[in-house]
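Below, chain A is the first sequence line, B the second, and so on; all start at residue 1.
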Amino acid sequence: MILHFVERVLQTILVLLVISFVAFMLISTLGDPLGVLLPPDATIAERNALIARLNLDQPLLQRFWSFVMGILQGDFGLSYRTQQDVGAMIAERLPATVELAFVSLLITIVLAIPAGILCGVKPKTLVSRAIMLVSIAGITLPNFVIGILLIAVFSVHLGWFPSFGRGTVVELGNWTTGLLTVSGWQAIILPAFTLASFQMTFVIRMLRTQLMEVGHSEHIRFARARGLSETRVWFVYAIRNALLPTVTMLGLQLGNIIAFSVVTESVFAWPGLGSLFLQSVQSADIPVIAIYLIFVGAVYMLINLAVELSYPLIDPRLKRRSA
Amino acid sequence: MIVARSLFSTFRSAPGATLATLAIAALFAYAFLVPLFTADPFQLAGMSIMDSFTPPLWMDGGNPAFPLGADDQGRNIITAMAYGLRTSIVVGVSAVLIGLVLGGALGLLAGFVGGRTDAVIMRIADVQLAYPALLLAMVIDGIATAVVGRERSATLAIAIVIFAIGIAFWVQFARTIRSSVLVERDQDYVAAAQITGRSKLAIVMWHILPNVMAPVLVIATINLGIAIITEATLSFLGIGIPLTHPSLGALIRNGNAFLQSGEWWISAWPCLVLVVLVIAVNVLGDHLRDHFNPKLRGRS
């Protein structure tokens, strides 16, 4: 058990090193950092200072080592586009994206989990069929089309919500939040719903399939045979078993959610990490793209690892098998 | 051939798939026939500023020459969409083909050679799976921009998008083909071919490949839908195909600028065509998947 744990952790570190190396090679082979970052009238001393700052005077492997060490200590390098510290740029944009993801997750939990349970428990009712039909839209409609549609209806036609920006934000130390003002909440509804549309479809369909499978399993038939009420059978025995794989899969979809946040933030001019990434792609700001690459890879790998390692704790059958 | 015949016979029992096939055929005809008879609206000669923002026919100020309206440069939306749809289809199909050839070659190699080659190819695939296709395509586009610059010709931009999406797609093809090859490799007909002295390459190309094509066809169809959406998204974000040689995504991006002032038709029609195309391709893909899945075949 412990051996397996150590092996998986080492594997993850190795993969992250490989991803970091690819990102590092992108930074070191593409573009001319001195030409981009130095002003035209820079002195030799300034030039040498920048060379030392970027470790350009060291051999390749040593530069890679200081690159990795820098990331671990929060030094993400300099952006070609703004000449700013990449870490500072990310810190500035992070609150907007985290709040967007949080509210969209909230929407998913409040709307999609009850809808999914309904579709799984009573799959043949009219409401369930209608939910399944609408949920197809979440898969087939491109994310930006949903955003445009919401803007056209709720912002242009009805005028209920603004179509861009975060509204009024309040500063709490290093964190800016839009969740404390009315205009902030008005501004976050449409983008959060757009981002949630993909997750909601996913949760509804997954829960439905899981519940329909669990519904036929032996422990549910046994619970029914004991004469327990339908409500008790579903809510105490079935849903708990169906919710777990759904939440796991949702965690593994995080990469997709990060990708879609780029689209959503662009549609609603949301000043978050996604917009930063898009601007970086547009202006070929390789250092930011490379850090983003490492960030997404690390998030995916760590969630994957956490899911795999927590499985034996949640499902006792697995522990017995491996022991 | 037998596969093809039985495939078409199943269409009779699946009206959705038939409808989807008809819709795809109609959209292909629209995209490739209309440009043969009209002037390119994205050249100066094809625009007429006097007609800009003409609304659709049934609205006040509609003009019978522009049944679905005209955009900000006075382009007829029906014509402009045919050009956009053509680009979208060409890019989507080419990207899937690149993913198929690249992934197919690596999957065959990994499955048939095995050993260290297999391990290296599949580990690269595992790492790439951490990244969604859309994100990867954006990163590849950014790298391409760093190499050739943002001011590039439309042809080069289209080629970059095709490669960016194609490279993002190879993993699924490689994994599928590899697992099929692992099953087929130990079959008697492969042993028979080896005994007759055929070379390894010939065995892979002429004996194994035809037997693993069915799941590949399914994945190709499903990926075509994803490729078209990915390209549309890239172009909508302004990092894909420029408006001088637009795709549906670029048209929607252009129209989106006028949504706030009420000219909804410039973005709505391309959205509609995009959605119909993607739904039709997905329905067809689902049908093919069910058809080639022996577990489901007897049921319907």
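- When the shell of 6.0 Å around CZ of F163(B) is examined, it contains 12 or fewer heavy atoms from other residues, nucleotides or ligands.
- Both the backbone and the side chain of I143(B) come within less than 4.5 Å of a heavy atom of chain A.
- Minimum heavy-atom separation, F277(A) to L135(B): CE2-CD1, 3.9 Å.
- Other residues, nucleotides and ligands contribute over 12 non-hydrogen atoms within 6.0 Å of the CZ atom of F161(A).
- To the nearest 0.5 Å, atom CG of residue N256(B) and atom CD1 of residue I151(A) are 6.5 Å apart.
- For chain B, the nearby parts of I148(A) are the backbone and the side chain; heavy atoms of each come within less than 4.5 Å.
- Within the model, atoms CG of L141(A) and SG of C271(B) stand 9.0 Å from one another, a figure rounded to the nearest 0.5 Å.
- Listed here is the closest heavy atom pair of P142(A) and V275(B): CD-CG2, 4.3 Å.
- Counting heavy-atom pairs closer than 4.5 Å to chain A, the top residue among G225(B), A232(B), A144(B) is A232(B).
- Within the 4.5 angstrom heavy-atom criterion, only side-chain atoms of I19(A), from C-beta onward, approach chain B.
- Summarising the geometry of A284(A) relative to G142(B), their closest heavy-atom pair is CB-O, 3.8 Å, with the distance given to 0.1 Å.
- Here F144(A) is the residue among F144(A), Y300(A), Y292(A), F260(A) with the most heavy-atom pairs under 4.5 Å with chain B.
- The two atoms that bring M138(B) and V281(A) nearest to each other are O-CG1, 3.4 Å, heavy atoms only.
- In this structure, the portion of L274(B) lying under 4.5 Å from any heavy atom of chain A is its side chain and not its backbone.
- For the residue pair Y131(B) and L293(A), the shortest heavy atom distance occurs at OH-O, 2.7 Å.
- Note that CD1 of I239(B) is 11.5 Å distant from CD of Q279(A), once rounded to the nearest 0.5 Å.
- Near-neighbour residues of residues 263-271 of chain A relative to chain B, defined by a heavy atom under 4.5 Å from a heavy atom of that chain, comprise V263(A), S266(A), V267(A).
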